[in-house]
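One structure is given below, encoded as structure tokens.
Computed over heavy atoms, backbone and side chain alike; hydrogens, waters and symmetry mates excluded. Proteins come first, then strands; the chains are lettered A, B, ... in the order of their sequence lines, and each starts at number 1. As the structure is a computational prediction, the values presented were derived from the model and not from experiment.
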Amino acid sequence: MIDIRYLRTDPDAALAALERRADAEIESLVDRAIEADRRRRELLGEVEALKQRRNETSREIGERKQRGEPADELMTAMKSVAERIRGFDGELSLVEEELQATLLQIPNFPDPRVPAGGEGEFEIVAEWGTPRPAVESDEPHWEIGSSLGLLDLERGAKIAGSGFPVLTGAGARLNRALIQFMLDLHTTEFGYLEVAPPFVVNRESLQGTGQLPKFEDDQYRTVPDDLFLVPTAEVPLTNLHRDEILDGLDLPLAYVAYTPCFRREAGAAGRDTRGLLRVHQFDKVELVRFTHPDDSSDQLELLTRHAETVLERLELPYRRILLPAGDLGFANAITYDLEVWSPGVERWLEVSSCSSYTDFQARRAGIRFRDQDSGKPQFVHTLNGSGVALARTLVALLESRREADGSVSIPDALRPYAGFDRLSVS
RNA sequence: GGAGGAGUGGCCGAGUGGCUAAAGGCGGCGCCCUGCUAAGGCGUUGGGUGGAAACACCCACCAGGGUUCGAAUCCCUGCUCCUCCGCCA
């Protein structure tokens with residue numbers, strides 16, 4: 001969440017920055033937060049004065065009793081003070097709840113580098129490789145997958161529902177090979193610590209990373225235990241250090257995890273529904289970094305390069321785009337998306353999203369570090385990026401490496417993991 | 001699931017109703033001492049409100065309620081961890 005002190009000291013600047021997101025709700029949320037904060041400090045002043053009196057008098061009572069002197073009239077007087085404190089405390093906790101609930105709904109400030117505009121008005125930052133020109137024999141991945149026996153969407157729909165694909169045979173193997181390849185790359189070449197986290201998380205964790213309270217409808221929730229299926233490994237990884245004070249010398253910390261990702265995609269019904277383009281469950285290897293605030297810009301470039309390296313090793317042409325303010329995620333300050341070209345569906349597919357959350361998640365989740373110079377705890381910056389997301393990477397691989405005879409060649413880097421060089425119709 | 005035990009500051013660990021915000025130790029940071037290192041000395045080491053600052057006050061002993069003029073300390077509920085038993089991949 002954002003810092004109430006910034007909102008208090010420079011509300012105009014804060015509001016101007018937030019309004020770049022073009023979210024109609026923001027202004028009234030900001031007003032509510034400022035008012036709740038004002039009321040909170042007002043009440044705090046009154047209740048603290050009363051508590052000071054109570055503390056002083058109680059000490060006096062203790063001293064008198066020790067000396068064997070009577071203190072009855074002080075004790076009687078304090079009864080009404082205690083009553084008034086109870087009243088103020090009750091009011092105060094209501095106001096604090098209101099403040100907290102409001103702040104939790106206010107999105108992060110966009111980084112100044114983020115361009116203005118809504119969805120589609122991104123900046124292309126970098127391009128790698130040359131997308132293969134379309135040819136007559138191009139087919140979408142659901143055709144390729146079914147003729148090569150890799151993919152079974154109908155049976156997935158039968159056993160779970162639409163959007164829960166089944167991979168079979170070489171398709172399942174290829175999927176697993178990709179996961180293994182990515183984990184090995186990030187751990188051995190880029191120094192990430194591999195983590196195998198829980199695939200379900202509690203409410204506090206989802207609140208820490210920003211999915212709750214605003215986006216509960218997008219999550220799969222398990223009913224008796226109130227646990228949520230992870231929408232991304234970002235949630236368990238970032239929450240590894242929730243409510244902790246890290247040693248500043250340990251920064252940056254870098255973690256990588258494979259998890260399946262579960263997304264209800266509420267409100268996205270009908271969009272990109274064919275094949276594997278938008279599904280309720282997919283596999284992903286996720287990178288998370290905890291950094292010093294001064295270092296987070298450089299760390300984002302580094303992390304994005306790690307994700308890009310995956311695509312380069314897989315020989316998949318891609319572009320890096322910088323998302324505009326209107327298309328930025330709730331908790332994100334700046335986001336690069338990596339998109340690969342997929343000739344079968346003739347589209348750029350988002351396979352990675354690399355972001356800095358500045359101190360927004362850290363403040364929600366209480367992730368701090370002790371600064372060497374000041375000795376004071378301060379919030380870290382959290383970053384994460386897909387490194388990379390699977391279903392769509394598999395799509396791009398199949399569609400872009402398919403040859404006229406219907407076979408698909410496996411990129412060199414993946415061959416040791418796949419155990420085969422080519423997929424052919426048997 | 002059943003039976004016990006335990007949760008104190010960055011860490012370890014005292015403390016059972018009032019000079020205890022918390023002894024003692026470790027670690028971190030600052031200063032002093034010092035040819036260098038080690039040792040030693042002093043201070044500091046959670047959050048909030050007000051203040052330019054010095055500083056003042058409030059809160060904070062797992063969490064939330066309660067008793068009391070006053071709670072780390074007493075009562076209730078919850079959570080987590082540990083031990084034993086049962087079940088189980």
Could you measure between the two [atom1] atoms, the one in [N] and the one in [M], and give it in whole Å?
N     : M     : atom1 : result
B/C58 : B/C75 : C1'   : 26 Å
B/G70 : B/C19 : C1'   : 14 Å
B/G86 : B/G2  : C1'   : 8 Å
B/A60 : B/U8  : C1'   : 12 Å
B/G27 : B/G9  : C1'   : 13 Å
B/G18 : B/U73 : P     : 12 Å
B/C74 : B/A52 : C1'   : 46 Å
B/G28 : B/C79 : P     : 39 Å

- Query: How long is the span from the CG atom in A/L398 to the CG atom in A/L148, to the nearest 0.5 Å?
  - Reply: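 Those atoms lie 7.5 Å apart.
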- Message: How long is the straight-line distance from CG of A/L7 back to CD1 of A/I34, given to the nearest 0.5 Å?
- Response: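 The distance works out to 4.5 Å.
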- Query: For RNA chain B, whose closest nucleotide is more 5', that of A/R41 or that of A/M75?
  - Reply: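 First, find each residue's nearest nucleotide; the 5'-ward one identifies A/R41.
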- Pairwise 5' ranking along RNA chain B for A/Q52 and A/Q66, keeping only the more 5' one: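 Comparing both residues, the 5'-ward one is A/Q66.
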Atom-to-atom span, [atom1] of [X] to [atom2] of [N] - whole angstrom:
X      : N     : atom1 : atom2 : value
A/D3   : B/G47 : CG    : C1'   : 13 Å
A/F369 : B/U45 : CZ    : P     : 19 Å
A/E83  : B/G70 : CD    : P     : 10 Å
A/D225 : B/G1  : CG    : P     : 10 Å
A/D243 : B/U80 : CG    : P     : 15 Å
A/L246 : B/G28 : CG    : P     : 17 Å
A/F379 : B/G47 : CZ    : P     : 9 Å
A/R67  : B/G18 : CZ    : P     : 16 Å

For [N], does OP1 or OP2 lie under 4.0 Å from any side-chain N or O of [X]?
X     : N     : result
A/R8  : B/U49 : yes
A/R54 : B/C59 : yes
A/N55 : B/C58 : yes
A/R64 : B/C69 : no

Residue matched to [N] through Watson-Crick or wobble contacts both under 3.5 angstrom:
N     : value
B/C55 : B/G50
B/C81 : B/G5
B/U44 : B/G28
B/C19 : none
B/U34 : none
B/A60 : none
B/C87 : none

- Hey, are A/S353 and A/D337 close enough side-chain-wise for a donor-acceptor pair under 3.5 Å?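 Distance-only check passes for A/D337 and A/S353.
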- Among A/Y6, A/Y357, A/F360, A/F330, which residue meets the ring-ring contact (aromatic ring centres under 6.0 Å, His included) test with A/F109?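 Answer after filtering A/Y6, A/Y357, A/F360, A/F330: A/Y6.
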- Message: Over all strands shown, is A/L44 touching base, sugar-phosphate only, or nothing at heavy-atom distances under 4.0 angstrom?
- Response: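 The answer is sugar-phosphate, as A/L44 gets under 4.0 Å only of primed atoms, P, OP1 or OP2.
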Of the options [options], whose atoms approach the side-chain atoms of [X] most closely?
X      : options             : value
A/K65  : B/G48, B/G18, B/U67 : B/G18
A/K51  : B/U49, B/C59, B/C69 : B/C59
A/R368 : B/G50, B/C59, B/G47 : B/G47

- A/N239 (side chain) donor-acceptor with A/S205 (main chain) under 3.5 angstrom: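 Yes; judged by distance alone, with no hydrogens or angles, the pair exists.
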- Message: Looking at A/K51 and A/E48, is there a salt bridge between them, counting it only when a charged N and a carboxylate O are closer than 4.0 Å?
- Response: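 Answer for the salt bridge query: no.
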- Decide, yes or no, whether a salt bridge links A/R53 with A/E56 under the criterion of side-chain N to carboxylate O below 4.0 Å.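 A/E56 and A/R53: not salt-bridged.
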